Structure formats: C-alpha cells, structure tokens
**Q** 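Right, I'll just put the structure down here and ask away after.
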Protein chains: 2
Amino acid sequence: MPDNMVIQGFESAEHDHGDCVADALREAERVCTERGERFTPLRRTVFELLWSSHKPVKAYDLLAQLALTHDRPAPPTVYRALDFLQEAGLVHKLESLNAYIGCGEPGRRHQGQFMICEECGVVAELDDETLTSRIDTNARKIGFKVNDETIEISGLCRQCQQP
Amino acid sequence: MPDNMVIQGFESAEHDHGDCVADALREAERVCTERGERFTPLRRTVFELLWSSHKPVKAYDLLAQLALTHDRPAPPTVYRALDFLQEAGLVHKLESLNAYIGCGEPGRRHQGQFMICEECGVVAELDDETLTSRIDTNARKIGFKVNDETIEISGLCRQCQQP
DNA sequence: GCAAGAATGTTATCTTATATCAAACTATAC
DNA sequence: GTATAGTTTGATATAAGATAACATTCTTGC
Ligand SMILES: [Zn+2]
Ligand SMILES: [Zn+2]
Ligand SMILES: [Zn+2]
Ligand SMILES: [Zn+2]
C-alpha cells in the first residue's frame, strides 16, 4: 500500500456511483456487525443520503431529504444518526463546512485528510501516513499527545480549474 | 529559521503575558498601517480580549465581555471586528471549536497549524513548512489547487498529561 | 462645511446543534 | 409468551453560532 493513498473522491463523472453506494452499504453492515451495533433503517437511510454523492451534506439538508419519506422528522433524529455513524467511523464531519460525508475506508481507524473543491463541492479523502507522522513528530517536540486530527484543505479540483 | 517553529502557545504559566499582549498590539498597529486600514478602538478592544490568554475565545463570550464596557453590543459588532481581524491576518478561527485566537506571527501570511489542549484549552500555533509542502505535493498529485488549509490537532498538552 | 465612504448601531432572522422527557422497539431471561 | 431492561426513535423546546438589511454616526478629503 502506497504511503499516500486517495481513499475516495474526484471520481470521473461517469463512474458507476451505484457501485460506490453498494460497497459503502456492505462495508457499513460489516462494521456495525463487527461492533455489535445495529444498522437500523433510519441510520441506513441517513447513510444512503450521505452517499448520494461524493459531496458533503449538511445536517438540515439531510433532515429535509428525510422529510420526504418520514413524517416530520426533527433535528435530533438526524443528529443522532450522524453521531452514531461518526462513532462507528462510517462518516466524517467536515468542520470547516459544518457538513458530513461518508468515509471511504471505514474498516481502518483514521481521521481523514480532505481536499474540498470550493467550486463544485466535491471532496477527496486522502490518507497520507507521512503527513500524520510528521504531525506526531511535531507534537512530540512540544510534549503534546495527539488525540484527534482535523485536516481540511480547500481549493479547486482539476475539473474546476479548466478555463 | 528552523523549518518547524512554534509560533506561540504552551508558554510557561509564569511568562509575562503583558509582554505578549504589548507585542501583539504593536504588531497589529503595524499590520493595519501597512494595509492602510484602521485599527479602531472597537477592533482594538476585541483584539485585546482575544489576547487575554493563549486560549481560543468564542464570539458570544467576546460579546459578553464587550457588554461590560459597551452599551448592549449586538452580534454583528463582534463578528465584524473578527472578520476584519481575520482579513488582516491578525486572528485565526479554529473551525473545530467555533472559536477565535490571536495570531502569533501576523506579519507573514499563513494559515496556521494548531495544537489544542482538550483539557486546559491552551492552543499552540505552529508553522511547519515541511507539512505544508507535503500537502501541496499531495494536492498536485490529484491536480488540486490549494487555497486554504485547516489543520487543527486536539489532544493533551504536556501539563495536562501529568498524573 | 459638505459629500462620499467607512465603521458602527439596531433589529430581525437564519443556521447549526443539544437538552429533556416520552413512546416504541428489541433482545434476553424466566 | 411475558416480563423487563436496554436501546432507539419521537417530540418539544431551546441553546449556540452567524448573517442580512437598513439606519446612524464617524472620518476623510475637498
Ligand atoms: Zn475516512
Ligand atoms: Zn470542483
Ligand atoms: Zn498565525
Ligand atoms: Zn492542557
């Protein structure tokens, strides 16, 4: 495995997104089973809504989508599902956007490093071990014990740089 | 200049914080003058409140502090000052906390890399050129053009790891 | 002084997230 | 199968974070 891997994102416009969703669902079921937790219909629905694209989704947008199939859902409904999915490592929160996105590799515990296109909204999730260890080194120098990393890079994807 | 520099933070408890504030104010005046902008009393007050410690401060806490000396300030008052200070590079927003902190080196344009103690709230601002260039390299590999970096590491400072 | 632009005041509203308690559902033990 | 403890969801209210829009005041250059 290369030390700098693109986990997901910036797929070609024509990629079969149905496959992405199917894979994600299969993984989610596996992860939940492994953890002895329940991938309930509600959690599954929220998860599918998040995977409707490779773009981050806002909690209240999820809520609005949910409202199409559920009777007057309230904010805690979606926030609880998001909390569960984050705990399980199935979803990341993008702090700089207050939005959420499905994790591209939920099997392995990680924080994720994100490249966010300001123009089209597409997000790539990377996992660069070298970057992480550089941060650890810096932390060690000042006696800091790392628990959590928030790494979000915004800019323009290749597509959106075209003239 | 070393390639991994602690710009500020994790100062000894006994450091002369008056010096920090005085330095910060002097730099702020200089930066504003250079930019042809006005470091008004309101902006200065907000800036001083932010520099009252090396911890991030929330906008509504600033507002509450402001209320002690101003007549019923409203949210836009503090958000406008924060916007101005951020534009000028004098203040950073910590996205993972929804809080703001004075920049330790406003002269040079940078995004900042932060180590945030979950226990005591103290924040260290680093600037690791190696880290930044590693991110640029990763971006280049996927054809991404970087505009903005959000790098916030949370954990425990040396003090707060003591048994 | 006067006009134009910048900064601040004021009111209302929007967005994001949580607290709290009630009802429904699920799994296990008997 | 029923009791029951634990988990999940429903429902209401409110907290926390941020902005829109317009009025007023202040500053600066003339
Ligand atoms: Zn991930
Ligand atoms: Zn794009
Ligand atoms: Zn800085
Ligand atoms: Zn600490």
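Model, not experiment: these values are computed from the prediction. Here is the naming used below: chain letters follow the sequence lines, and residue numbers restart at 1 for every chain.
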**Q** Please classify the nucleic acid contact of A:Pro73 as base, sugar-phosphate, or nothing, using heavy-atom distances under 4.0 Å.
**A** nothing
**Q** In whole Å, what is the span from the CG atom of B:Asp71 to the P atom of C:dT10?
**A** 7 Å
**Q** Between C1' on D:dG17 and CG on A:Leu97, what's the gap in Å once rounded to a whole number?
**A** 16 Å
**Q** Are any of B:Lys58's side-chain N or O atoms less than 4.0 Å away from OP1 or OP2 of D:dG17?
**A**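 True: B:Lys58 side-chain N/O within range (under 4.0 Å) of D:dG17 OP1/OP2.
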**Q** Starting from P on D:dT9, measure out to CZ on A:Phe84 and report it in whole angstrom.
**A** 9 Å
**Q** Take atom CZ of B:Arg80 and atom C1' of D:dC22, then tell me their distance rounded to the nearest Å.
**A**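 These atoms are roughly 11 Å apart.
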**Q** Base, sugar-phosphate, or nothing for A:Arg38, non-hydrogen atoms under 4.0 angstrom?
**A** sugar-phosphate
**Q** Starting at atom CG of B:Leu85, determine the distance to atom P of C:dA7, rounded to an integer number of angstrom.
**A** 12 Å
**Q** Near DNA chain C, which residues from residues 41-48 of chain B have a heavy atom under 4.0 Å away?
**A** B:Leu42, B:Arg43
**Q** Whether the B:Glu118 and A:Asn147 side chains hold a donor-acceptor pair (N or O, under 3.5 Å, no angle test) is what I'd like checked.
**A** yes
**Q** Does the structure show B:Tyr79 stacking with D:dT19, if we require the centres to be closer than 5.5 Å and the planes to be within less than 30 degrees of parallel?
**A** no
**Q** Please give me the minimum heavy-atom distance between B:Tyr60 and B:Pro75, naming the atom from each residue.
**A** OH-CG, 3.3 Å
**Q** Indicate yes or no: does A:Arg26 engage A:Asp23 in a salt bridge with an N to O separation below 4.0 Å.
**A**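 Yes, this pair counts.
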**Q** Looking at A:Phe39, is A:Arg44 sitting on its ring face, NZ or CZ under 6.0 Å from the six-membered ring centre and within 45 degrees of the normal?
**A** no
**Q** Can you confirm whether A:Phe10 sits close enough to A:Gln159 that some side-chain heavy atom of one is under 4.5 Å from a side-chain heavy atom of the other?
**A**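 SC-SC contact between A:Phe10 and A:Gln159 ruled out.
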**Q** Starting at NE2 of B:His70 and ending at P of D:dT25, how long is that distance when rounded to a whole Å?
**A** 17 Å
**Q** Establish whether A:Ile101 and A:Tyr79 are linked, either directly or via other cluster members, by ILVMFWY side-chain heavy-atom contacts under 4.5 Å.
**A**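 Different hydrophobic clusters.
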**Q** I want to check one thing: is the phosphate of D:dT9, taken as OP1 and OP2, less than 4.0 Å away from some side-chain N or O of A:Thr77?
**A**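 No, A:Thr77 has no side-chain N/O under 4.0 Å of OP1/OP2 on D:dT9.
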**Q** Regarding C:dA17, can its base be found pairing with the side chain of A:Tyr60 as donor and acceptor, where the two atoms are less than 3.5 Å apart?
**A** yes
**Q** Counting only side-chain N and O atoms of A:Lys93, is one of them less than 4.0 Å from OP1 or OP2 of C:dT16?
**A**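 Looking at the OP1 and OP2 atoms of C:dT16, neither is under 4.0 Å from any side-chain N or O of A:Lys93.
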**Q** If you find the nucleotide of DNA chain C closest to B:Asn98 and the one closest to B:Thr40, which residue's nucleotide is nearer the 5' end?
**A** B:Thr40
**Q** Quick one: A:Leu62 CG to C:dT16 C1', roughly how many Å, whole number?
**A**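 Computing the A:Leu62:CG to C:dT16:C1' distance gives 13 Å.
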**Q** With nearest nucleotides of DNA chain C determined for A:Ala99 and B:Pro76 from heavy-atom distances, which residue corresponds to the more 5′ nucleotide?
**A** B:Pro76
**Q** Only one of A:Glu149, A:Glu125, A:Glu129 clears side chain to side chain donor-acceptor pair (under 3.5 Å) with A:His110; which?
**A**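 When side chain to side chain donor-acceptor pair (under 3.5 Å) is applied between A:His110 and each of A:Glu149, A:Glu125, A:Glu129, only A:Glu125 qualifies.
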**Q** Without decimals, in angstroms, what is the distance between B:Asp83 CG and D:dA18 P?
**A** 10 Å
